[in-house]
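Following: one structure in structure tokens, then a few remarks.
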Amino acid sequence: AQSVTQLDSQVPVFEEAPVELRCNYSSSVSVYLFWYVQYPNQGLQLLLKYLSGSTLVESINGFEAEFNKSQTSFHLRKPSVHISDTAEYFCAVRQTGGKLIFGQGTELSVKP
Amino acid sequence: GAGVSQSPRYKVAKRGQDVALRCDPISGHVSLFWYQQALGQGPEFLTYFQNEAQLDKSGLPSDRFFAERPEGSVSTLKIQRTQQEDSAVYLCASSLARRGQVNTIYFGEGSWLTVV
């Protein structure tokens, strides 16, 4: 069965500092990987996804993630964070049939 | 509507009470999913519909949980005889499910259930 592990439950960081949120998956088949963001009292919003092709994928607000098959990882990075990036971030892998399996989430807290 | 709509947004139920949570997916979306998100946890899969057919209900935690989508659009998640451990956010999601494509899954804002 596929699973997702997010290694850090909380990541505090100062504004304009770089950040990396770690995600590892387990799967014996081809994977489709996703990062979702959840702002307080809101639903999940898709941040970026890896389906195939280039292993580096980017979002419109400066986040990027790199698919690394040998390390079974899909870490999320941003070179300079803003206060508005404070949110919960979830890594997910898509199972056959379409359902998503989520990690436990990483709470990113950006401080001024 | 523009997005996945869920109601009620907040529900407080007394233990033992039945509750019904409604999901209105994005128009034209074939696939519909229900997830349960406990406080501080990631969403956990409950069940999946393709049109009106419930293709996967492996995540429903007990026979007190029941979901339906009779006309292939709006879906209702019903929880009978609620218990405190049912307190969670219930997320609905939908996608186009075009054959041969990995379609984006869009989530609603969730229904926050508190059982007291």
Side-chain angles (χ1 to χ4, degrees), chain A residues 1-10 21-25 27 29-53 57 59-60 67 74 76 87-109, chain B residues 1-7 9-10 23-26 29-51 53-60 67 88-112:
Chain A
Q2 292 170 312
S3 66
V4 175
T5 302
Q6 292 183 244
L7 298 163
D8 307 296
S9 59
Q10 294 181 322
L21 307 184
R22 296 180 293 170
C23 172
N24 286 89
Y25 67 91
S27 175
V29 298
S30 298
V31 291
Y32 304 116
L33 294 159
F34 304 81
W35 276 99
Y36 279 81
V37 58
Q38 187 174 37
Y39 297 103
N41 298 324
Q42 294 188 25
L44 297 165
Q45 300 174 31
L46 180 66
L47 191 59
L48 45 75
K49 60 186 176 184
Y50 170 76
L51 304 181
S52 65
V57 290
S59 73
I60 58 173
F67 170 61
F74 191 56
L76 181 70
E88 188 91 19
Y89 291 79
F90 293 95
C91 183
V93 62
R94 180 182 179 271
Q95 276 200 334
T96 303
K99 70 186 183 189
L100 296 173
I101 304 301
F102 287 90
Q104 295 285 73
T106 297
E107 182 184 344
L108 175 63
S109 176
Chain B
V4 179
S5 178
Q6 293 188 244
S7 62
R9 285 293 318 276
Y10 304 95
C23 173
D24 206 333
I26 294 172
H29 278 197
V30 169
S31 296
L32 185 145
F33 305 83
W34 282 101
Y35 286 81
Q36 179 190 58
Q37 185 177 18
L39 190 63
Q41 304 293 316
E44 298 271 352
F45 171 79
L46 293 177
T47 187
Y48 160 60
F49 290 85
Q50 188 165 332
N51 295 306
Q54 190 175 19
L55 299 185
D56 186 345
K57 54 181 181 179
S58 61
L60 296 177
V89 179
Y90 291 86
L91 296 168
C92 179
S94 69
S95 75
L96 271 171
R98 284 201 192 101
R99 186 178 291 275
Q101 293 187 11
V102 178
N103 301 114
T104 297
I105 296 176
Y106 297 90
F107 284 81
E109 294 192 326
S111 290
W112 295 64

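In what follows, chains are A, B, ... by sequence order, proteins preceding strands, each numbered from 1. Keep in mind that what you see is a predicted model, and the values were worked out from it rather than measured.
Proximity to chain B (any heavy atom under 4.5 Å) is shown, for Q45(A), by neither the backbone nor the side chain. Residue contact with chain A, scored on non-hydrogen atoms closer than 4.5 Å, is absent for S111(B). Looking at K49(A), the atoms closer than 4.5 Å to chain B (heavy atoms on both sides) all sit in the side chain, from C-beta outward. Contacts of L51(A) with chain B are made by side-chain atoms alone, with heavy-atom separations under 4.5 Å and no backbone atom involved. For Q6(B), no part sits under 4.5 Å from any heavy atom of chain A, backbone or side chain. Residue L91(B) touches chain A through its side chain alone, counting heavy-atom pairs closer than 4.5 Å.
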- [ ] Take F74(A) and V57(A), measure what side-chain contact (heavy atoms from CB on, under 4.5 Å) needs, and give me the verdict at the end.
- [x] CA-CA 10 Å; F74(A) 191 56; V57(A) 290; 3.9 Å; yes
TODO: Start with the C-alpha distance between C23(A) and W35(A), add both sets of side-chain angles, then the distance that settles side-chain contact (heavy atoms from CB on, under 4.5 Å), and finish with yes or no.
DONE: CA-CA 9 Å; C23(A) 172; W35(A) 276 99; 3.4 Å; yes
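Per-residue counts of heavy-atom pairs under 4.5 Å with chain A were compared for Q41(B), R9(B), Q50(B); the largest is that of Q41(B). Considering only heavy-atom pairs separated by less than 4.5 Å from chain B, the leading option among Q6(A), E107(A), Q95(A), K99(A) is K99(A).
In this structure, E44(B) contributes its side chain and Q36(B) its backbone to no donor-acceptor pair below 3.5 Å.
Note on ring orientation: taking the six-membered ring where Trp is involved, the planes of Y106(B) and H29(B) are tilted (angle from 30° to 60°). Ring planes of F107(B) and Y36(A): perpendicular class, angle over 60° (limits at 30 and 60°). Ring pair Y50(A)/F67(A) is parallel by interplanar angle, where below 30° counts as parallel and above 60° as perpendicular.
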